[in-house]
Amino acid sequence: MEAIIRPTAAAAAELVAQVIERELRAHPHLVLGLATGRTMEAVYARLVRRHREAGLDFSLCATFNLDEYVGLSPADPHSYRHYMNRHLFQQVNIDSRNTHLPDGQAPDLDAECARYERMIRQFNGLDLQLLGIGRAGHIGFNEPLSALFSRTRVKALSPATLAQNAPLFGSGTSMPRRAITMGVGTILEARRLLLLATGEDKAEIIARAVEGPITAMISATALQLHARCTVVVDEPAARQLQGADYYRWIFANEPEWEAYR
Ligand code: F6R
């Protein structure tokens with residue numbers, strides 16, 4: 001794992017967008033794993049801008065999202081399909097047939113989870129998986145006690161996640177209590193992982209995820225097992241990292257990051 005610390009949330013999102021852009025330009029058939037949430041909006045805004053201003057081409061790539069709420073239709077403004085359409089898919093030249101999310105309305109949810117895993121395999125796996133992190137440490141919706149080898153399945157959302165995301169649903173609508181999510185094992189099979197976390201309220205969980213012991217209580221700690229995982233944070237989210245100076249030195253000096261400095 002490597003941790004990259006950027007001065008601001010905008011600079012952190014910029015770096016993540018740059019990594020995705022480079023991968024996509026180098027591999028137009030990229031199979032890209034995507035995440036939703038507030039943090040990712042800044043990344044998608046930058047990718048849309050690159051598409052419009054610098055011809056970043058999405059026409060050949062395929063995407064797989066991490067998760068979707070159970071019971072929400074794609075037209076529901078709270079569904080992750082709706083989020084992706086709004087923030088990315090409808091604003092770039094991606095073929096909508098190449099965009100995949102679990103179907104939260106499938107009559108047989110277990111069969112839907114198996115289908116999703118099969119689809120990822122048919123695309124020869126995920127090349128690059130983008131991740132956010134919940135305040136209690138979930139990646140996707142892999143809530144506390146998610147098995148570190150888990151596959152795509154239905155998860156009951158934890159009280160922490162319900163509290164984190166309920167404000168997005170407003171007072172009129174109630175938030176689903178379950179979601180389909182890629183498993184920790186599914187995520188770990190992606191060839192490259194890229195996690196973005198910004199803001200002081202992520203500082204404690206970032207320190208535990210990056211430097212703490214691996215535990216099923218915090219699914220993000222499993223990222224330490226991956227051979228190619230980059231965690232990008234802004235200064236406020238880096239505040240509790242013990243090794244921050246070392247991580248800053250790596251970014252400032254290692255040739256791999258030269259193009260991003
Ligand atoms: C969403 C997802 C979640 C979010 C996480 C952070 O697809 O997989 O793990 O990435 O809950 O959400 P924000 O960015 O809203 O803090």
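FYI, side chains are in, hydrogens and waters are out, and symmetry mates aren't considered; it's all heavy atoms of this structure. Order of listing sets the numbers, starting from 1, for every ligand and every atom in it.
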Whether the side chain of [X] engages the backbone of [Y] through a donor-acceptor N/O pair (distance < 3.5 Å, no angle test) should be reported.
| X | Y | answer |
| --- | --- | --- |
| Gln129 | Leu194 | no |
| Gln91 | Arg86 | yes |
| Arg49 | Leu47 | no |

Proximal ligand 1 atoms for [X], defined as those under 4.0 Å from one of its heavy atoms:
| X | value |
| --- | --- |
| Gly132 | 10 (O) |
| Gly37 | 14 (O), 15 (O) |
| Leu66 | 8 (O) |
| Thr39 | 13 (P), 14 (O), 16 (O) |

- Query: Which atoms form the tightest heavy-atom contact between Ala35 and Gly132, and what is the distance?
  - Reply: CB-N, 4.2 Å
- Message: Looking at every heavy atom in both Ser158 and Glu143, which two are closest together, and how far apart are they?
- Response: N-OE2, 2.9 Å
- Message: If you measure every N or O of Asn165 against every N or O of ligand 1, does any of those distances drop under 3.5 Å?
- Response: no
- Query: N/O of Gly140 under 3.5 Å from N/O of ligand 1, yes or no?
  - Reply: yes
Among all protein non-hydrogen atoms, which one is nearest to [atom], and what is the separation to 0.1 Å?
| atom | answer |
| --- | --- |
| atom 5 (C) of ligand 1 | His138 NE2, 3.5 Å |
| atom 8 (O) of ligand 1 | Asp67 OD2, 2.9 Å |
| atom 4 (C) of ligand 1 | Thr36 O, 4.0 Å |
| atom 12 (O) of ligand 1 | Gln164 NE2, 3.6 Å |
| atom 15 (O) of ligand 1 | Arg38 N, 2.9 Å |
| atom 16 (O) of ligand 1 | Lys202 NZ, 2.8 Å |
| atom 6 (C) of ligand 1 | Ile133 O, 3.3 Å |

- Query: Would the number of heavy atoms belonging to other residues, nucleotides or ligands and lying under 6.0 Å from CE of Met175 be above 12?
  - Reply: yes
- Just wondering, are more than 12 heavy atoms of other shown residues or ligands nearer than 6.0 Å to CD in Glu258? no
- Should the ring pair Tyr69 and Tyr80 be called parallel, tilted or perpendicular, given that the plane angle runs from 0 to 90° and is split at 30 and 60? tilted
- Query: Within 45 degrees of the axis of the six-membered ring of Phe141 and under 6.0 Å from its centre: does Arg178 put its NZ or CZ there?
  - Reply: no
